Amino acid sequence: PHHAVFAPPVDEFQLAELTPTGVPVTVGAHEPRIVLVTAGSAQLSTGGGTVQLARGRAAFVPASEGAATITGSGTAYVLSPAAELADTAR
């Protein structure tokens with residue numbers, strides 16, 4: 001899977017680009033996240049359930065849902081507080 005983190009010149013958040021390519025990618029568990037799919041499709045799974053996201057669709061994952069797993073053949077962007085993305089895709 002492809003994983004790149006973009007750190008804007010602010011301390012509040014980071015943006016990660018994820019391309020699972022069939023391999024599940026786990027996104028950290030301690031902060032809220034927004035997942036936006038920009039190409040293909042992805043499946044987003046949390047302790048609260050699973051949602052299929054097509055290109056152009058987004059989902060909010062509250063901190064209370066814990067870790068999220070992204071699978072699929074698309075490209076997803078995850079917006080999260082800066083400290084959270086340090087643990088993304090381990």
Side-chain angles (χ1 to χ4, degrees):
H2 169 75
H3 174 250
V5 175
F6 304 96
V10 296
D11 294 332
E12 291 79 16
F13 69 91
Q14 288 183 332
L15 182 69
E17 178 186 51
L18 306 174
T19 306
T21 61
V23 177
V25 176
T26 300
V27 179
H30 305 292
E31 301 289 341
R33 292 137 288 172
I34 297 172
V35 178
L36 169 66
V37 175
T38 60
S41 64
Q43 186 174 21
L44 175 66
S45 300
T46 68
T50 300
V51 63
Q52 185 71 29
L53 298 173
R55 183 177 64 96
R57 304 294 295 185
F60 175 73
V61 181
S64 62
E65 289 293 319
T69 301
I70 300 171
T71 57
S73 58
T75 299
Y77 287 86
V78 179
L79 179 66
S80 184
E84 179 71 11
L85 286 176
D87 295 330
T88 299
R90 286 189 180 197

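Please read all numbers here as calculations on a predicted model, not as lab measurements.
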Q) What's the shortest heavy-atom distance between G66 and V61, and which atoms? A) O-CG1, 4.5 Å

Q | Side-chain heavy-atom pair V35, Y77 within 4.5 angstrom cut-off | A | no

Q) Taking the side chain from T46 and the backbone from G48, do they hold a donor-acceptor pair closer than 3.5 Å? A) yes

**Q.** Closest non-hydrogen atom pair, A54 against S41
**A.** CA-CB, 4.2 Å

Q.
Just verifying a value: how many Å separate I34 CD1 and L15 CG, rounded to the nearest 0.5 Å?
A. 10.5 Å

Q: Could you tell me whether the side chain of R33 reaches within less than 4.5 Å of the side chain of L79, counting heavy atoms only?
A: no

Q: Could you check T71 against V23 for side chain to side chain contact (heavy atoms under 4.5 Å, CB included), going step by step and ending with a plain yes or no?
A: CA-CA 6 Å; T71 57; V23 177; over 6 Å; no

(Q) Taking F60 as the starting point, is it possible to reach L36 by hopping between hydrophobic residues whose side chains are less than 4.5 Å apart? (A) no

Q.
Rounded to the nearest 0.5 Å, what separates atom OG1 in T26 from atom CG in L18?
A. 10.5 Å

Q: State the CZ-CD distance between R57 and Q52, to the nearest 0.5 angstrom.
A: 11.5 Å

Q. Which heavy atom in T50 sits nearest to a heavy atom in S45, and how many Å separate them?
A. OG1-OG, 3.1 Å

Q: Mind listing the closest non-hydrogen atom pair of L44 and A68 along with its distance?
A: CD1-CB, 3.8 Å

Q: Return the minimal non-hydrogen interatomic distance between P20 and G74, and the atom names on each side.
A: CD-O, 3.3 Å

Q. How far apart are the closest heavy atoms of P32 and S80, and which atoms are they?
A. O-OG, 3.7 Å

Q. In Å and rounded to the nearest 0.5 Å, what is the CZ to CD distance from F6 to E17?
A. 5.0 Å

